Amino acid sequence: MDYLDVLNDEQRKAVLHEGASLLILAGAGSGKTRVITTKVAWLIREKGYDPRSILALTFTNKAAREMSSRAQGIEPLAASVLMRTFHSFGAWFLRRNHALAGLPAGFVIYDDDDSAALLSSIMEDAPRAEVKEAARLIARAKDYFLGPEDALLAKVDHRLNFRKLYAAYEERLKAIGNVDFGDLIKKPVELLRNNADLKRQMQSRFKCILVDEYQDSNIAQFELLKELSGPESYVCVVGDDDQSIYRFRGAEVRNILDFPTLFDNVDIIRLVQNYRSTTQILQLAGTVVNKNKGRLGKELVAVRGSGKKPVLSYVANQQEEAVFCATLIKGSLAAGAQYSDWAILYRTNAQSQTFQTLFTEQQIPYQVVGALRFYEREEIKDALALLSLLANPKDEVAFRRVANKPTRGIGPSAMDKILMSETLSTDTDIPGLSTKAKQGLMEFIAALDEGKKTLNPDKTVREVNAYMRHEVRGSSTVVRGSKIKNTVRGVEGLSKTIAVLVNESGIARYHVERDEISGQDRLENLQELANAATPYAANMDGLLEFLEHLELDREAVSEANNKILSENEKPDLVTLITLHNTKGLEFPRVIITGLEQGIFPREDKQGEDMEEERRLFYVGVTRAMNELYLTSCRSRFLYGRTTIQTASVFLKEAGMENMQVLGSSANNFSHYPGREFMSTLPGGGVPAPKTSSDGRWTTGNKVYHDEMGYGAVVAIQEDEQDGPLITVQFENGRQKTFLSLYQSKNYDKIGSEY
DNA sequence: GTCGCTTCCTTTTTT
DNA sequence: AGGAAGCGAC
């Protein structure tokens, strides 16, 4: 029983809890994963649960893998526990019950881009922004478990048109026979509701259901949990309302707040002892999140010592910000720290660029988590579209994408005509199709057929795929890049299929020829994709498994290849990561960058959204074990121009007493009413007033603008061509830069926008 | 139907 | 700054 000895009282209580339902409110760093994994082990070992009767749901693949490996570390039998993300579970479920769900066996999962592509073919010539917005709303509707007919759909969008559009989209998707992300949750719920047998079968299989990060579940996921759990089930959810950061994609905090009333006989256990961070870091985190109104309210108890005071550094711009980070990191090495002790956190992926450039220059090894847009690259999506067409020939999104690439005379009108006809086949006579288009279509179908020939028609079971994956990964059979630089090579398994498809269809050649330099890169990417497919069986099951894996776990490709490169040794790397992606992680030393209004928090955030932004800051801060640094830029190069930045409101909220300040802020704080507050700023206060070269403006001047209302001059820059540029902070929170020329004498008006 | 030039528009965060 | 869509020319 020694594995239970490492737990504190609360944790042990949670592990040993029995009954109907358990809600574990687990603060940051309170050993939540340890509790779940230990509980899984305990259920198997002490309570005699069949591992296959336990289902553990998470929100990220990383979390699922981590959970699985840690549980297996305690109890090897935990390998048979189904530990998956909600979406991956949904895919698993639909794959096994596709017939009941009215889906073809080879259904493919559409990502947001594919959904938008389908939608745009419905919305004819609507601007892309409109299409994307509509796609977003449909996804949101599915998050809330709302169909086109639902009365409550107005909650998502009240326009009558939206209902029609949503219905049309659903119809098309059904005709194609594919599903989107939202369907992976929504369809299983519908299936379970309409099929008592299936429901009974599922409820008797899963005797115990555990959900991690429950605060980020949406309504549809809640419904799924409800359907899966029967009167005999044991349901245990773990979460922290302070770490709810996915409202924007439909997460519903009420799920966790109301859990006790939504499930029967709920016991609540709180884990508040924080083992991760030093007291000073926790204090800063707590000070900020305390400003939120909509929270259960809990105080973390620090177990560790006081530690080092968090440091706030004002820097000139993002270059200096990167230099500051590099200097910190390099300096720490002498003191015995490693690169991997460090994580650099930012609000948006785009911010990682500056760090990457500088770190490469200074030879600081790093890894970028999450932003690897490998999967979103044009050539990769092209190759996957070809594969998708083998799995589901009716996939019109895929067809539109690649049928005329390279051009073979199938233009938009020909494309429509072809898609009007039922199946994708040469012997179908398509009315009104030009000879050229017909010829092109035959070529395209011939290429697909070549790909199909590489697939073994035998139905090989999944175990064989798993076996192959195990065998091949890390072996030397992987091709690194072909010598003849215009084709992709495939060695074994599914890699052959990809090689044949991209070569025969001309996609490989198309990309190579289109651009001499980037063409080679693209070819290498295609090669990498083929390499990643090597472990998968060359049959329909292997193909579906591969597509599903990529669709649901976007980092899969690069990870598979990284594993081969690095073998057993863990590389010593600095981590560059978005704040959202850090959930569940911890690092000895953390730098949260870009603490500026408009960046973090984003300018348009208010009310509930602002509270979420605050929670995101809380999540970031509580990742740090020993040292925490915050950086804020005075100016930033954004949207192709330099913008004067205002320090983040979070810096003020965190409390000056909770941090040590380096450098000084020349910034105004938009959320303060006047200049007087500037002297209260951390770091020293009012910069010396500056006057423009034409003598017309001095920082601090009050101004009035017809549209923007009242404001104050917060910065003056001199431009070689345009003369003085006056940056004004308005009371409405916006900031604008103007030319000096048009002001009137009494400073009541300012002129044309710069 | 295809190619190339111009304009305008963009940036959250993720399964 | 950089990419995508739109427009006009072959």
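By convention in this document, chain letters (A, B, ...) are assigned in the order of the sequence lines, proteins followed by strands, and residues within each chain are numbered from 1. Keep in mind it's a predicted model, so treat the numbers as computed, not measured.
- OP1 or OP2 of B:dT14 has at least one side-chain nitrogen or oxygen of A:T578 nearer than 4.0 Å.
- Where A:H580 and A:I410 meet DNA chain B, the nucleotide closest to each residue was compared, and A:I410 sits on the side nearer the 5' end.
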- Reading nucleotides 2-10 of chain C 5' to 3', which nucleotides get B (base under 4.0 Å from a protein heavy atom), which S (sugar-phosphate only), which -? --SS-----
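- A:D111 comes within contact range of no nucleotide atom at all, as no heavy-atom separation falls under 4.0 Å.
- In this structure, A:G182 reaches neither bases nor backbone, as no heavy-atom distance under 4.0 Å exists between it and the strands shown.
- The neighbour count for A:K291 NZ, taken as heavy atoms of other residues, nucleotides or ligands under 6.0 Å away, is above 12.
- Atom NZ of A:K583 and atom C1' of B:dT15 are 12 Å apart (whole Å).
- Phosphate proximity of B:dT2 to A:N404: present, with a side-chain N or O under 4.0 Å from OP1 or OP2.
- Note: NE2 (A:H549) to P (B:dT15) measures 13 Å, nearest angstrom.
- A cation-pi arrangement is present between A:R95 and A:F107, with the terminal nitrogen or guanidinium carbon under 6.0 Å from the aromatic centre and inside a 45° cone about the axis.
- Once the 5.5 Å centre distance and the 30° plane angle are applied, the aromatic ring of A:Y246 is found not to be stacked with the base of B:dT13.
- Candidate nucleotides C:dA1, B:dT13, B:dT15 were compared by shortest atom distance to the side chain of A:T348, and B:dT13 ranks first.
- Annotation: A:F259 is in aromatic contact with A:Y214 [ring centroid separation under 6.0 Å].
- A donor N or O paired with an acceptor N or O is found under 3.5 Å between the base of B:dT12 and the side-chain atoms of A:R347.
- Atom name C1', nucleotides B:dT13 and C:dA4: the rounded distance is 23 Å, in whole Å.
- Proximity note for A:T407 (side chain, C-beta onward) versus B:dT2, B:dT14, B:dT11: the nearest is B:dT2.
- For A:N61 and B:dT14, the shortest distance from a side-chain N or O to OP1 or OP2 is not below 4.0 Å.
- Distance CD (A:Q597) to P (B:dT11): 22 Å, rounded to an integer number of Å.
- Proximity of A:N581 to the phosphate of B:dT13: no side-chain N or O atom is located under 4.0 Å from OP1 or OP2.
- In terms of modelled atom types and a separation under 3.5 Å, the side chain of A:E321 and the main chain of A:G594 share a donor-acceptor contact.
- When heavy atoms are screened at a 4.0 angstrom cut-off, A:A414 is found touching the sugar-phosphate backbone but no base atom.
- When each of A:E213, A:E66, A:E586 is checked for a salt bridge (charged side-chain N to carboxylate O under 4.0 Å, His left out) with A:K32, only A:E213 meets the rule.
- Comparing A:K436 and A:T58 by the nucleotide of DNA chain B whose heavy atom lies nearest to each, the residue mapping closer to the 5' end is A:K436.
- Between A:E653 and A:R614 there is a salt bridge, with a side-chain nitrogen of the basic residue lying less than 4.0 Å from a carboxylate oxygen of the acidic one.
- Classification of the A:F248-A:H580 ring pair by plane angle, with boundaries at 30° and 60°, yields perpendicular.
- Atom CD in A:E213 sits roughly 19 Å away from atom P in B:dT13 (whole-Å rounding).
- B:dT13 atom P lies 20 Å from atom CD of A:Q215, rounded to whole Å.
- The environment of NZ in A:K174 is sparse: at most 12 heavy-atom neighbours from other residues, nucleotides or ligands sit within 6.0 Å.
- Residue A:F181 and nucleotide B:dT15 are classified as a stacked aromatic pair, their ring centres being separated by less than 5.5 Å at an interplanar angle below 30°.
- Close to B:dT12, at under 4.0 Å from its OP1 or OP2, lies no side-chain N or O of A:N349.
- If you measure from atom CD of A:E613 to atom C1' of B:dT12, you get 8 Å, rounded to the nearest angstrom.
- What separates CZ of A:F617 from P of B:dT13 is a distance of 19 Å, to the nearest Å.
- Rounded to an integer number of Å, the gap from A:Y110 OH to B:dT15 C1' is 18 Å.
- Pairing each heavy atom of A:L544 with each of A:A391, the nearest pair is CD2-CB, 3.8 Å.
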